[in-house]
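Reminder, nothing fancy here: chain letters follow the sequence lines and each chain counts from 1. The model shown is predicted, which means the values in this text are computed figures rather than measured ones.
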Amino acid sequence: MNSSGPRFRFAPSPTGYFHVGGARTALFNWALATSTGGTFVLRIEDTDEARNRPEWTDGILSALEWLGIDSSSPTFEGPYFQSSYADEHLRAADRLFENGYAYYCEMSPDDIAQRAKAEGVTGYNGWSRDLGLEPGPGRVLRFKVPEGSTIVRDQVRGDVEFDHSVIEDFVLVRSNGTPVFNLANVVDDMSMGITNVIRAEEHLPNTPKQQMIWTALDREPPVWGHVPVLVNEQRKKLSKRRDKVALEQYRDEGILSDAMVNYLMTLGWSAGDDREILPWDEITSLFALGDVNLSPAFFDVKKLAAFNGEYIRMMSEDEFAAACDPWLPDDWDRATFAAIAPHVQPRLVTFSEVSGVVDFIFNGVEYDEASWDKVMTTDVAAPLLDESILRYSAVDNWQADNLKAILEHIMEPFGLKLGKAQAPVRVAVTGRTVGPPLFESLEVIGQSETLSRLRHARGRIST
RNA sequence: GCCCCCAUCGUCUAGCGGCCUAGGACAUCACCCUUUCAAGGUGACGGCACGGGUUCGAAUCCCGUUGGGGGUGCCA
């Protein structure tokens, strides 16, 4: 265990996907661990058997790796599994009981509800506190919340005070003998030497309870930091049911990890100047909890996309072509794609769009009827195509600039501008009205295929 | 209900008592460029929730109101 620097931790519970909010929390911890020369500890909180599947862990690891949180880095430690520390949790529970910080209670949730209703109170009211019950089947262990208040010193929000009168005697060990989150979480943090707990704001109300456990166990609580949650358009906490929260989904749609990381880091935090697109190293050196905003931030997919476009445009031609590769069908010729790639690069927001932009090159034409109706029904379409077929047949220098010059020559008698004149050719060859630059596309498609498409389209015009 | 947190353009944010006529980015709109669509360039639109204080001076400090969020489990 590396104890030379601060020890941060990321403690997700395993689920079938990796939440973008969790990604941000992980990133915050990772940035801090890196910049302080500390350690990032990964602990899988798998105590709830209902959600404990081994393959989920691989998902967490690969998601972290995608984010640049490298499990083979010396800064990284783990993964640890909470479930394998159950004995320690229970030992701590015993200590708490023996030292008078906790007591056993045999009331069931139903009992509590009934009695609370009868007495007109909201929750558990410490009814078994002084019964002196010994451990036994069906009994839970509860923490005896003392009089007074707890002040949580939070690096993001400052001091937050909780009056103990509003904190009920919470459960530490279930009636089936298993430890509850608040206990397990604290005991693990203690045994793993965690010094800094940085997590989402939803944990803030747990913090006084956890801090009481730390104190009762005679240990100095860690430094806390609660960052605001991520919300949807309705300003509700991002949820799996309503919202697109799976990191994997964004990855599969062709969001670059660098763009995702950059976007997530600048959600609720800024470098302090007017820049938002920043390399990770700079983010790391600048990031500070005190600069994190205090209000929930809307996870805006549109802005994420804008970041992604930005990152795509920053790539070199080679990087871009390589990045496109997984999104292209296997039988598409890569050299052909590379020839057109520089022209698709500024037109992409996500990589999942790439094949749709250049498919006409590889798959042949499929006419978009709206496009066809728009340009092929004009008087000039047929004669323009006739001329193009004639002139392009005679070309022996099949290059974009030459093809452009020829069309410009053809269009003169028609009194058209290039924008109008290229339209019929574009629809004939690509099937659509929009796409990559036309003459460059023709060059890549080649002379005979271009001519064949031109002739086919000409034949389709009824006149 | 109770507890806690929060409050600058539609959104993400800069601002930490005078540099603010409130800056940037996304989105939207217009124009320029142009080989369609993008990209790029220029510009426009648009905000300190409200009310009291404190101060010579408040987006910045204090209080209240309103609004939003989180929590209130033998989930994590």
Side-chain angles (χ1 to χ4, degrees), chain A residues 11-15 45-48 50-51 82 105 107-109 112 121-124 138-142 152 154 156-158 160-163 165-168 170-182 184-185 200-208 226 228-229 231 233-237 263 266-277 291 293-300 302-307 309-310 312-313 343-349 357 371 375 400 403-404 407-408 417-423 425-427 430 432-441:
Chain A
S13 55
T15 55
E45 305 218 322
D46 54 354
T47 18
D48 182 7
R51 44 170 114 160
Q82 183 158 79
C105 167
M107 292 178 77
S108 71
I112 293 167
V121 296
T122 30
Y124 181 75
R139 291 178 180 174
V140 299
L141 182 68
R142 287 182 181 276
V152 172
D154 189 294
V156 177
R157 1 187 54 97
V160 184
E161 183 168 3
F162 294 85
D163 195 306
S165 64
V166 299
I167 301 175
E168 63 178 38
F170 54 94
V171 173
L172 296 169
V173 179
R174 299 185 184 94
S175 55
N176 69 2
T178 58
V180 150
F181 165 72
N182 276 319
N185 193 266
E201 189 187 0
E202 62 207 72
H203 286 288
L204 186 53
N206 283 323
T207 311
H226 291 90
V229 295
V231 297
E233 215 151 4
Q234 285 76 240
R235 300 244 122 223
K236 299 286 185 202
K237 190 169 72 159
Y263 176 64
T266 52
L267 247 193
W269 173 82
S270 89
D273 52 26
D274 284 339
R275 295 173 307 148
E276 323 187 281
I277 304 289
D291 296 333
N293 261 336
L294 271 17
S295 8
F298 170 46
F299 184 79
D300 187 355
K302 278 220 185 86
K303 187 145 185 178
L304 205 214
F307 269 53
E310 202 79 40
I312 287 176
R313 275 167 255 130
H343 300 289
V344 344
Q345 188 167 356
R347 265 159 262 259
L348 241 46
V349 169
V357 175
S371 297
V375 315
L403 300 174
K404 181 187 177 197
L407 192 71
E408 281 171 333
K417 293 193 170 184
L418 226 207
K420 287 280 184 198
Q422 54 96 46
V425 177
R426 177 181 289 281
V427 172
T430 75
R432 317 179 262 266
T433 216
V434 302
L438 180 62
F439 305 106
E440 287 74 2
S441 299

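At the heavy-atom level, A:Val171 lies under 4.0 Å from the strands shown only through sugar-phosphate atoms.
Using P as the reference atom, B:rG47 and B:rA22 are 10 Å apart when rounded to the nearest Å.
Here the P atom of nucleotide B:rC4 and the CG atom of A:Asp163 are 8 Å apart, to the nearest Å. The distance between atom CZ of A:Arg139 and atom P of B:rC74, rounded to the nearest whole Å, is 18 Å. As a whole-Å value, the separation of A:Gln234 CD from B:rG70 P is 12 Å. When the P atom of B:rG71 is taken as reference, atom CD of A:Glu168 falls 16 Å away, rounded to whole Å. The CG atom of A:Asn206 sits 15 Å away from the P atom of B:rG70 (whole-angstrom rounding). The distance between atom NE2 of A:His203 and atom P of B:rA76, rounded to the nearest whole Å, is 11 Å. Here the P atom of nucleotide B:rA76 and the CD atom of A:Glu45 are 9 Å apart, to the nearest Å. Between the CZ atom of A:Phe170 and the P atom of B:rC75 there is a distance of 14 Å, given to the nearest Å.
When the side-chain nitrogen and oxygen atoms of A:Arg142 are compared with OP1 and OP2 of B:rG73, none of them lie within a distance under 4.0 Å. For B:rG69, neither phosphate oxygen OP1 nor OP2 lies less than 4.0 angstrom from any side-chain nitrogen or oxygen of A:Lys237.
Among B:rC3, B:rG71, B:rC5, the nucleotide with an atom closest to any side-chain atom of A:Glu201 is B:rC5. Here B:rC2 is the nucleotide among B:rC2, B:rC5, B:rG1 with the atom lying nearest to any side-chain atom of A:Val166.
With centres under 5.5 Å and a plane angle under 30° as the test, the ring of A:His226 is not stacked against the base of B:rG70.
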Summarise protein proximity over nucleotides 8-16 of chain B in one line of letters, 5' to 3': B for base, S for sugar-phosphate only, - for none, counting protein heavy atoms closer than 4.0 Å. ---SBSS--

Can you give one letter per nucleotide of nucleotides 60-66 of chain B, 5' to 3': B if a protein heavy atom sits under 4.0 Å from the base, S if only from the sugar-phosphate, - if neither? -------

Nucleotide-resolved protein contact map, nucleotides 30-41 of chain B, B/S/- at heavy-atom distance under 4.0 Å: -----BBBBSS-

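Shown here for A:Ala400 and A:Phe439, the closest heavy-atom pair between the two residues is O-CB, 3.5 Å. Of all heavy-atom pairs between A:Asn185 and A:Gln82, the closest is N-NE2, 3.7 Å. Taking every heavy atom of both residues into account, A:Gly123 and A:Ile112 meet most closely at C-CG2, 4.3 Å.
Residues A:Arg275 and A:Asp273 are paired through a salt bridge, judged by an N-O separation under 4.0 Å between the basic side chain and the carboxylate.
Of the inter-residue distances, the one linking A:Leu438 atom CG with A:Leu403 atom CG reads 8.5 Å to the nearest 0.5 angstrom. A distance of 9.0 Å separates CD of A:Glu310 from CD of A:Glu276, quoted to the nearest 0.5 Å. In this structure, A:Asn206 CG and A:His226 NE2 are separated by 7.5 Å, a value rounded to the nearest 0.5 Å.
The number of heavy-atom neighbours closer than 6.0 Å to CD of A:Glu408, taken from other residues, nucleotides and ligands shown, is above 12.
Using a 30° and 60° split on the angle between ring planes, A:Phe307 and A:Tyr263 fall in the perpendicular class, above 60°.
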May I have the step-by-step check of side chain to side chain donor-acceptor pair (under 3.5 Å) for A:Ser165 and A:Asp163, ending in yes or no? CA-CA 5 Å; A:Ser165 64; A:Asp163 195 306; 2.9 Å; yes

Kindly determine whether A:Thr178 and A:Arg174 satisfy side chain to side chain donor-acceptor pair (under 3.5 Å), including the steps that lead there. CA-CA 5 Å; A:Thr178 58; A:Arg174 299 185 184 94; 2.7 Å; yes

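For the pair A:Arg142/A:Val171, a side-chain contact is recorded, criterion being any heavy-atom separation below 4.5 Å from C-beta on.
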